[in-house]
Amino acid sequence: MSLARITSLHHVTSIVGDAQEDLDFYAGRLGLRLLKRTVNFDDTSVFHFYYGDGVGTPSTIMTTFPYTGRGMSGGQEGAGQITRIAFSAPPGSLAFWKGRLDEAGHRCGEFVTDFGEEGLSISDPSRLALELVEGEDDVRTKPWTPGGIETEVALRGLHHITLTVRSPERSADFLTQALGFEVAGDRGSHIRLGVAERGPGQLVELVPSQNAPTARNGLGTVHHVAFSVPTDEAQLEFREKLLSMGWPVTEVRDRQYFRSIYFPEPGGVLFEIATAGPGFAIDEAASRLGGALKLPPWEEPNRGSIEEQLPAVRPP
Ligand code: ZN
């Protein structure tokens with residue numbers, strides 16, 4: 001019997017617009033820690049920002065490729081896509097967040113999830129649909145508390161991601177049979193699945209859309225979601241399992257802070273399985289994460305020309 005387990009979400013990656021606006025929103029306004037300032041390893045003219053909790057715990061990580069001025073057109077929202085990213089807000093914190101976001105001119109909608117939690121819906125500067133969901137507290141993570149954000153209200157990490165797909169049942173079957181998820185809630189066609197304790201940061205939701213256009217990646221869309229495994233062995237075990245199911249899956253890729261494999265789920269959304277380690281303190285001190293532009297060793301010789309092409313930014 002397989003011992004490999006997915007323990008939580010790992011990260012979500014989006015294609016966004018202006019780099020400075022992105023930093024100001026995710027680090028400045030939402031108070032996430034800028035964990036790493038690097039480049040897209042597949043296109044070094046573009047930044048890759050990693051945000052998360054104080055130490056980069058898997059399931060707290062939001063990453064962005066800010067593509068403004070780099071010839072990326074707008075994406076198409078639709079079926080076969082992650083259409084919402086929900087962050088976990090601790091109990092009693094939503095009034096604080098509504099005040100903080102209103103004050104900065106971000107319009108918030110108040111709502112209750114299909115599973116009974118209170119939430120705020122907002123858009124990021126690239127019009128990505130975000131939610132802050134107030135559920136049980138996520139005690140697995142290390143909240144980051146920059147000025148003006150106390151521990152009691154600091155965002156805990158991701159809560160769940162929402163996939164819009166043509167057939168939620170097919171995606172649910174894949175999540176349960178291939179990846180070890182279990183159904184945590186079913187409201188008609190709206191399904192919530194979870195791994196491990198099925199708490200915040202361990203959830204995926206599926207909503208159906210028969211009529212939506214087919215999604216296309218571009219500015220203002222989510223590119224993929226990654227799930228966390230504890231070890232390289234667990235990752236290889238999942239890779240073998242997917243191959244034995246006849247499923248297309250990439251080789252293991254070195255992402256410097258973790259190792260990754262990528263594959264599509266049946267609804268068309270790109271999935272990744274990422275290792276929990278080695279983590280973000282591999283190339284700068286834990287106390288100074290995000291402080292300097294970090295490049296993978298194989299790009300260091302090109303640092304001069306890479307820095308010249310990147311837009312100037314003011315990190316938080
Ligand atoms: Zn990824």
Side-chain angles (χ1 to χ4, degrees), residues 1-15 35-36 38-44 46 48-50 52 56-65 80-82 85 157-158 160-161 163 165 170-182 193-196 201-204 206 215 217 221-280 282-283 294 296-299:
M1 194 190 130
S2 164
L3 294 173
R5 293 279 181 275
I6 287 169
T7 50
S8 65
L9 305 179
H10 190 287
H11 65 268
V12 181
T13 295
S14 300
I15 302 170
L35 295 163
K36 197 62 65 181
T38 183
V39 291
N40 182 345
F41 290 3
D42 302 319
D43 176 0
T44 60
V46 173
H48 192 183
F49 296 144
Y50 288 79
T57 306
S59 85
T60 69
I61 304 162
M62 165 86 189
T63 101
T64 59
F65 295 126
Q81 196 173 43
I82 295 163
I85 299 169
L158 299 168
H160 68 270
I161 48 116
L163 276 59
V165 289
R170 284 184 63 208
S171 295
D173 285 348
F174 181 77
L175 279 156
T176 52
Q177 288 160 21
L179 303 183
F181 277 73
E182 292 178 71
L193 300 107
V195 282
Q202 300 172 321
L203 303 170
V204 169
L206 302 170
N217 283 330
T221 62
V222 182
H223 189 262
H224 65 269
V225 61
F227 303 105
S228 185
V229 287
T231 61
D232 293 280
E233 291 71 28
Q235 181 179 61
L236 289 173
E237 210 173 300
F238 273 110
R239 187 168 184 277
E240 288 306 313
K241 181 174 179 181
L242 290 162
L243 288 173
S244 73
M245 293 167 62
W247 210 254
V249 53
T250 66
E251 296 290 320
V252 175
R253 295 191 186 152
D254 182 4
R255 296 313 193 188
Q256 180 78 349
Y257 311 109
F258 44 85
R259 283 169 285 281
S260 301
I261 57 173
Y262 301 86
F263 49 96
E265 59 84 43
V269 177
L270 183 61
F271 279 3
E272 170 183 349
I273 290 177
T275 54
F280 296 96
I282 190 178
D283 60 359
K294 304 308 289 187
W298 60 91
E299 293 292 359

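Since the model is a prediction, treat every value here as computed from it, not as a measurement.
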Calculate, to the nearest 0.5 Å, the distance between atoms [atom1] and [atom2] belonging to [X] and [Y] respectively.
X: Phe271; Y: Ser171; atom1: CZ; atom2: OG; answer: 7.0 Å
X: Lys294; Y: Phe280; atom1: NZ; atom2: CZ; answer: 13.5 Å
X: Leu206; Y: Phe181; atom1: CG; atom2: CZ; answer: 9.5 Å

In a check of side-chain hydrogen bond (donor to acceptor under 3.5 Å, both in side chains) between Thr63 and each of Lys36, His48, His223, which one passes?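 Looking at Lys36, His48, His223, the match for Thr63 under the side-chain hydrogen bond (donor to acceptor under 3.5 Å, both in side chains) is His48.
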Could you tell me which residues satisfy ring pair (Phe, Tyr, Trp, His ring centres under 6.0 Å) with [X], sequence neighbours excluded, listed by chain and number?
X: His224; value: His11, Tyr262
X: Phe238; value: none
X: Phe263; value: none
X: His10; value: Phe258

Note to self: Listing request: all side chain to side chain donor-acceptor pair (under 3.5 Å) pairs with a residue in residues 225-234, at least two apart in sequence or in separate chains.
What the structure shows: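 For residues 225-234, and leaving out neighbouring residues, the side chain to side chain donor-acceptor pair (under 3.5 Å) pairs sorted by first residue read Asp232-Arg259.
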Would you please name every residue forming a side-chain contact (heavy atoms from CB on, under 4.5 Å) with Val222, sequence neighbours left out?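 Counting only residues at least two positions away or on another chain, Val222 forms a side-chain contact (heavy atoms from CB on, under 4.5 Å) with Val12, Ser14, Ile82, Ile85, Leu128.
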Under 3.5 Å, side chain of [X] to main-chain N/O of [Y], donor-acceptor pair present?
X: Thr221; Y: Asn217; value: no
X: Trp247; Y: Arg239; value: no
X: Gln202; Y: Ala196; value: no

Nearest heavy-atom pair of [X] and [Y]: which atoms, and what distance?
X: Val39; Y: Thr44; value: CG1-O, 3.7 Å
X: Ile61; Y: Gly56; value: CD1-O, 3.6 Å
X: Trp298; Y: Asp254; value: CH2-O, 3.8 Å
X: Arg5; Y: Pro230; value: O-CD, 3.5 Å
X: Gln235; Y: Ala274; value: NE2-CA, 4.1 Å
X: Ile6; Y: Val195; value: O-CB, 3.7 Å

Who pairs with [X] by side-chain hydrogen bond (donor to acceptor under 3.5 Å, both in side chains), at least two apart in sequence or on another chain?
X: Asn40; answer: Tyr67
X: Gln81; answer: none
X: Glu299; answer: Asn302

| said: Which residues pass the salt bridge (charged side-chain N to carboxylate O under 4.0 Å, His left out) test with Glu240, not counting sequence neighbours? | reply: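 Result, salt bridge (charged side-chain N to carboxylate O under 4.0 Å, His left out) vs Glu240: none returned.
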Could I get the full list of salt bridge (charged side-chain N to carboxylate O under 4.0 Å, His left out) partners for Asp43, not counting sequence neighbours?
->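 In terms of salt bridge (charged side-chain N to carboxylate O under 4.0 Å, His left out), with neighbours along the sequence ignored, Asp43 is linked to no residue.
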Side chain proximity check, [X] to [Y], heavy atoms < 4.5 angstrom:
X: Gln256; Y: Phe41; value: yes
X: Tyr257; Y: Leu35; value: no
X: Ile273; Y: Val249; value: no
X: Ile261; Y: Leu236; value: no

**Asked** Going by the salt bridge (charged side-chain N to carboxylate O under 4.0 Å, His left out) test, which pairs reach into residues 260-280, not counting sequence neighbours?
**Response**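 Not a single pair qualifies under salt bridge (charged side-chain N to carboxylate O under 4.0 Å, His left out).
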request  = Test side-chain contact (heavy atoms from CB on, under 4.5 Å) on Leu158 and Leu203 and set out the steps.
outcome  = CA-CA 9 Å; Leu158 299 168; Leu203 303 170; over 6 Å; no
